[in-house]
Amino acid sequence: ALQRGRMARRAAQQKKAAGQHQAGSDDVAELQAEADLASAEAEAAAIRVQALQRGRIARRAAEQRKAQQAAGQLVVDDDAIAAAQADAELADAEAEAAAIRVQALQRGRMARRAAQQRKEQQAAGGPVDDAAVAAAEADAELATAEAEAAAIR
């Protein structure tokens, strides 16, 4: 979605530069919505990267503590352990939030696909094939279940 937004903005700028684009309120609102979505996705990605970095730092510190403890140089600090556990729980919560966002995007994509199929069937003048729509919705649910299972792993 981030790339599509970037491409759409670039195309709008090119049209505007060529004098072909009439800036309407719908276009401005659409571009603003795409920019908001892109910034939200970028923020979520940044949070995920920060969580990964905190995890690396915590693992490195744990390895150092183990080495020092094996050498008899370390006295166990309960506060440091509690802080590391809190960081790990925070990273888990952030990973879960990121997984939920991915799942929501996938469900939306599948729902839009099913709606498009319904629309095409109605436009063709034929009756809406409820079996095909149900199959598409079942596929969407299966994809969602698979995404949830993958997110949990």
Side-chain angles (χ1 to χ4, degrees), residues 1-65 79-153:
L2 182 63
Q3 185 65 19
R4 284 192 309 254
R6 194 175 294 146
M7 289 174 18
R9 285 188 295 279
R10 186 176 298 141
Q13 287 175 347
Q14 290 172 350
K15 285 180 182 179
K16 187 175 183 179
Q20 297 174 354
H21 184 71
Q22 297 293 329
S25 61
D26 291 338
D27 294 336
V28 173
E30 183 178 327
L31 290 175
Q32 181 62 36
E34 288 176 6
D36 291 344
L37 180 60
S39 65
E41 289 175 350
E43 183 179 341
I47 289 171
R48 180 68 180 139
V49 169
Q50 291 167 357
L52 291 172
Q53 185 61 24
R54 283 193 303 273
R56 281 191 206 107
I57 291 170
R59 285 188 293 278
R60 191 176 307 137
E63 288 175 13
Q64 289 175 353
R65 281 193 306 269
D79 292 335
I81 292 173
Q85 289 174 343
D87 285 344
E89 290 174 6
L90 180 61
D92 287 343
E94 289 174 350
E96 184 177 345
I100 289 170
R101 175 71 178 147
V102 169
Q103 292 166 7
L105 290 172
Q106 180 65 18
R107 283 191 301 269
R109 193 163 102 210
M110 297 301 286
R112 285 188 296 279
R113 185 180 297 161
Q116 182 65 29
Q117 287 175 352
R118 281 190 206 111
K119 189 182 230 181
E120 288 172 359
Q121 288 175 354
Q122 288 176 348
V128 176
D129 184 9
D130 290 333
V133 172
E137 290 172 353
D139 288 342
E141 289 176 17
L142 179 61
T144 301
E146 290 171 353
E148 288 175 2
I152 292 173
R153 285 186 229 144

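Because the structure is a prediction, the values reported are computed rather than measured.
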- Message: Under 3.5 Å, is there a donor on one side chain and an acceptor on the other for Gln53 and Arg56?
- Response: yes
- Query: Out of curiosity, Gln13 CD to Lys15 NZ, how far, rounded to the nearest 0.5 Å?
  - Reply: 12.5 Å
- Between Arg54 and Glu94, is there a salt bridge with N-O shorter than 4.0 Å? yes
- Residue pair Arg109 / Leu105, side-chain heavy-atom distance below 4.5 Å: no
- Message: Please report the interatomic distance CD(Gln116) to NZ(Lys119), rounded to the nearest 0.5 Å.
- Response: 6.0 Å
- Task: Say whether Glu89 and Gln85, considering side chains only, have a donor N or O and an acceptor N or O under 3.5 Å apart.
- Result: no
- Euclidean distance, Glu96 CD relative to Gln103 CD, rounded to 0.5 Å: 9.0 Å
